[in-house]
K.L.:
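Below: one structure in structure tokens.
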Amino acid sequence: MTLKKLGVLGGMGPAATAEFMRLLSRDAPAKCDQDHPRVIVLSDPSIPDRTQAILGLGQDPAPQLRSGLESLAQWGADALAVPCNTAHLFIDRFRGELTKPLIHIVEATVQAAAAASPDGAWLLSTSGTARSGLYTEYALKAGYRFLSPPADMQEIIQQCVTQVKSGQTAEAGAVLRKVAEELWNTDNRLITTACTELPLAYAASGLPPEKEVSSLQALCDACIEFLYRR
């Protein structure tokens, strides 16, 4: 049993948030209801699109992200989590001013990738995350290296993200399977699904689970570590 409370700012997108909660329920060291973590979820799909903002095509989501995280802290959360990778580029601007610790999905995913594939891994993300260099920055801090797909393939990966957000997960899985197989023909390394929609596409692809490092799973593992073992 844990007395700590997790605050989750979700809705980016809703399916990814729901999958994160499923993983948290599946992986918590619980034998009954009372053993599961106490979680406050603020699912806010009205937060402006993060990739569009990075590409200069949309509104800055930082104020709404900050407001949501501050609300969760005020509601009693002991730690905060955001199951959206791209959002962390904006959250990093004010992370040090938050009143509760943030369990950072990028830090958790880099650590998971380094443990699973020490010689490097493919990085699949939104176009916004790819453009920002967010993962490259955190990987360099950890002495790790990601391989980036070619520019023309990045557009296809972004298409997968959009398909999951619109409920076309099976279609996204078929597209992602082709992407993965092409990447593995070039370099047979693990694939890091560094957008929280992409683990859902990967699960629908029929690809080997052991060849993926999921950012959703990495965040879930880090949250369970905080809630139960610290």
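Index from 1, following the sequence.
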K.L.:
Within the structure provided, determine whether L207 and K211 are in side-chain contact (heavy-atom separation under 4.5 Å).
P.N.:
no
K.L.:
Spell out, as yes or no, whether a donor-acceptor pair under 3.5 Å connects the side chain of W122 to the backbone of D187.
P.N.:
yes
K.L.:
Can you name the closest pair of heavy atoms from T17 and G10 and give their distance?
P.N.:
OG1-CA, 3.3 Å
K.L.:
Could you walk me through whether T86 and T126 pass the side-chain hydrogen bond (donor to acceptor under 3.5 Å, both in side chains) test, one step at a time?
P.N.:
CA-CA 7 Å; T86 315; T126 65; 2.8 Å; yes
K.L.:
L123 and L176: same hydrophobic cluster, using ILVMFWY side-chain contacts below 4.5 Å?
P.N.:
no
K.L.:
Let's go through T193 and I191 carefully: what are the C-alpha distance in whole Å and the side-chain angles of both, what is the deciding distance for side chain to side chain contact (heavy atoms under 4.5 Å, CB included) to 0.1 Å, and is it a yes or a no?
P.N.:
CA-CA 6 Å; T193 46; I191 283 178; 4.2 Å; yes
K.L.:
Show the nearest heavy-atom pair for residues G7 and L72, with the distance to one decimal.
P.N.:
C-CD1, 3.9 Å
K.L.:
For the atom pair OH (Y202) and OG1 (T192), what is the distance rounded to the nearest 0.5 Å?
P.N.:
10.5 Å
K.L.:
Do M12 and T196 make a side-chain contact, defined as non-hydrogen atoms from C-beta onward lying under 4.5 Å apart?
P.N.:
no
K.L.:
Given side chains that start at C-beta, do those of R145 and L147 come closer than 4.5 Å, heavy atoms only?
P.N.:
yes
K.L.:
Looking at K141, I want to see if its NZ is surrounded by more than 12 non-hydrogen atoms of other residues, nucleotides or ligands under 6.0 Å.
P.N.:
yes
K.L.:
Any chance you could measure S25, atom OG, to F20, atom CZ, to the nearest 0.5 Å?
P.N.:
11.5 Å
K.L.:
Can you name the closest pair of heavy atoms from E197 and G13 and give their distance?
P.N.:
OE2-N, 2.8 Å
K.L.:
Evaluate side chain to side chain contact (heavy atoms under 4.5 Å, CB included) for E182 paired with V179, printing each intermediate quantity in order.
P.N.:
CA-CA 5 Å; E182 187 172 337; V179 167; 6.0 Å; no
K.L.:
Can you check side chain to side chain contact (heavy atoms under 4.5 Å, CB included) on K5 and V39, steps first, answer last?
P.N.:
CA-CA 6 Å; K5 192 180 297 183; V39 185; over 6 Å; no
K.L.:
Kindly say whether L3 contributes a backbone atom to a donor-acceptor pair with the side chain of R38 at under 3.5 angstrom?
P.N.:
yes
K.L.:
Treat each ILVMFWY residue as a node, draw an edge where side-chain heavy atoms are under 4.5 Å apart, and state whether W75 and L9 are in one component.
P.N.:
yes
K.L.:
Hydrophobic clusters here meaning ILVMFWY residues chained together by side-chain heavy-atom distances under 4.5 Å, can you tell me if L42 and V82 are in one?
P.N.:
yes
K.L.:
Which atom names give the shortest non-hydrogen contact between I224 and L24, and what distance separates them?
P.N.:
CG1-CD1, 3.9 Å
K.L.:
Look at D60 together with R50 and state whether they make a salt bridge at an N to O cut-off of under 4.0 Å.
P.N.:
no
K.L.:
Passes side-chain hydrogen bond (donor to acceptor under 3.5 Å, both in side chains), Q64 versus S46? Steps please.
P.N.:
CA-CA 9 Å; Q64 206 162 331; S46 73; 2.8 Å; yes
K.L.:
Just checking R131: does its CZ atom have more than 12 heavy atoms from other residues, nucleotides or ligands closer to it than 6.0 angstrom?
P.N.:
no
K.L.:
May I ask you to check whether over 12 heavy atoms, not counting those of Q52, lie within 6.0 Å of atom CD?
P.N.:
yes
K.L.:
Can you measure from CG (N85) to SG (C195) and round to the nearest 0.5 angstrom?
P.N.:
6.5 Å
K.L.:
Distance check, rounded to the nearest 0.5 Å: Q154 atom CD versus S125 atom OG?
P.N.:
5.0 Å
K.L.:
Could you measure the distance from the CD atom of Q163 to the CD atom of Q168? Nearest 0.5 Å is fine.
P.N.:
5.5 Å
K.L.:
Say whether, by atom type as modelled, one donor and one acceptor occur between the side chain of S215 and the main chain of T109 under 3.5 angstrom.
P.N.:
no
K.L.:
Can you see which heavy atom on A81 is nearest to which on L6, and at what distance?
P.N.:
CB-CD1, 4.1 Å
K.L.:
Are Y144 and Q111 close enough that some pair of their side-chain heavy atoms sits under 4.5 Å apart?
P.N.:
no
K.L.:
Main chain of T129, side chain of S132: is a donor-acceptor contact present, judged purely on distance under 3.5 Å?
P.N.:
yes
K.L.:
Ignoring hydrogens, what is the shortest heavy-atom contact between A116 and V213? Give both atom names and the distance.
P.N.:
CB-CG2, 4.0 Å
K.L.:
Checking the side chain of K4 only, and the main-chain atoms of F226 only, is there a donor and an acceptor separated by less than 3.5 Å?
P.N.:
yes
K.L.:
Shared ILVMFWY cluster between I47 and V164, side chains joined below 4.5 angstrom?
P.N.:
yes
K.L.:
I'd like to know if L198 and L89 are part of one continuous hydrophobic network [Ile/Leu/Val/Met/Phe/Trp/Tyr, side-chain heavy atoms within less than 4.5 Å].
P.N.:
no
K.L.:
So Q159 and T162, do their side chains get closer than 4.5 Å, heavy atoms only?
P.N.:
no
K.L.:
Stepwise, does the side chain to side chain contact (heavy atoms under 4.5 Å, CB included) test hold for Y138 with D92?
P.N.:
CA-CA 12 Å; Y138 277 90; D92 280 352; 2.8 Å; yes
K.L.:
Hey, what do you get for CE (M153) to CG (L124), rounding to the nearest 0.5 Å?
P.N.:
8.5 Å
K.L.:
Is E181 salt-bridged to R177, cutoff N-O under 4.0 Å?
P.N.:
yes
K.L.:
Taking E107 first and then R95, would you say they form a salt bridge - that is, a charged N and a carboxylate O separated by under 4.0 Å?
P.N.:
yes
K.L.:
For Q59, does the CD atom sit with more than 12 other heavy atoms under 6.0 Å from it, leaving out its own atoms?
P.N.:
no
K.L.:
Look at the aromatic rings of Y135 and F146 and report parallel, tilted or perpendicular, splitting at 30° and 60°.
P.N.:
perpendicular
